[in-house]
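First listed ligand is number 1; within each ligand, the first listed atom is number 1. Note: hydrogens, waters and symmetry copies are ignored here, and every other heavy atom, side chains too, is used. Everything numeric here is computed off the predicted structure, so don't read it as measured data.
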Amino acid sequence: MADLIVQKYGGSSLADAQRINSVARRIGRSKDEGNHVVVVVSAMGNTTDDLIQQANAVSKKPSEREMALLLSTGEIISCALVTMALRSLDYEAIGLSGGQAGIHTDSEYTRARILEVGPERILKELREDRIVVVAGFQGVTESMEVTTLGRGASDTTAVALAAGLNAKICEIYTDVEGIYTTDPRIVPEARLLKEIGYEEMMEMASYGAKMHPRSIELGAVYNIPIRVTSSFTDTPGTLIH
Ligand code: ASP
Ligand code: MG
């Protein structure tokens, strides 16, 4: 089988139609290079914050169950749109919700943890040579309740899928060039790290790309190399390994 790459795109990389189209072209390039590609997407722009505001506007204390159901829709929107954009470029692609993609979680509705990844559906689609686009940040419980994984957790979906599918690498595309030793917005000579170890990444205060901590833990446990880089440029970014 060809190499499998998992790519994750954050909300700012998907903020509008133009960015979604440019993300689709980047995904397509990876496919053209002969890889199997699984893509994990976050919600577009500030969608998640907007949904939380909407919940708070109708209820003083929104129920956790429906909050998870509500927030999961943000990633479903970007998943469907990225898939459509890929198809309009003539790529075979299919979009899956977290549950459809086999992300099984415990039942802490809005702070769920992934218990297991059931890779069968994704593997079937990859065998048919499709690009698989998965809605990040969500899963389902044993009883098919929709859950979300906590703010910023699409990274964790991506690394969990990379582990469950035995991917060669997990690429995280964001709006900064990678991980820095100091804050590049404050210290102009802040240095972009070419690489960093999982342990160091977990212990050190790092700047630049903000990664969901659980994604680094999973990367360390399953030994998945994680490349963090910008979706707006062509730079190698930072390799966490
Ligand atoms: N959309 C979710 C959030 O804003 C998850 C993510 O972006 O990773 O927290
Ligand atoms: Mg993030």
With a 4.0 Å cut-off on heavy atoms, is His212 touching ligand 1? no
Taking only heavy atoms of Arg151, which atoms of ligand 1 are found under 4.0 Å from at least one of them? 3 (C), 4 (O), 9 (O)
heavy-atom search around atom 2 (C) of ligand 1 in the protein gives Glu75 OE2, 3.4 Å
Determine whether any heavy atom of Ala153 lies closer than 4.0 Å to an atom of ligand 1. yes
Less than 4.0 Å between a side-chain N and a carboxylate O, is that true for Arg113 and Asp106? no
Electrostatic pair Glu125:Arg121 at N-O distance under 4.0 angstrom: yes
For the 3.5 Å polar cut-off, considering only N or O atoms, please tell me whether Gly152 and ligand 1 meet it. yes
Please list all pairs passing the salt bridge (charged side-chain N to carboxylate O under 4.0 Å, His left out) test where one or both residues lie in residues 132-160, with sequence neighbours left out. Lys8-Asp155, Asp49-Arg151, Arg65-Glu145
Are any of the heavy atoms in Gly74 under 4.0 Å away from ligand 1? no
Does Arg25 pair with Asp32 as a salt bridge, N-O distance under 4.0 Å? no
Charged N to carboxylate O below 4.0 Å: is that the case for Glu171 and Arg227? no
Under a 3.5 Å distance rule, please check whether Thr148 uses its side chain to pair with a backbone N or O of Gly150 as donor and acceptor. no
Using distance alone, determine whether Asp155 and ligand 1 share an N or O pair under 3.5 Å. no
Heteroatom proximity flag, Ser42 to ligand 1, N/O under 3.5 Å: yes
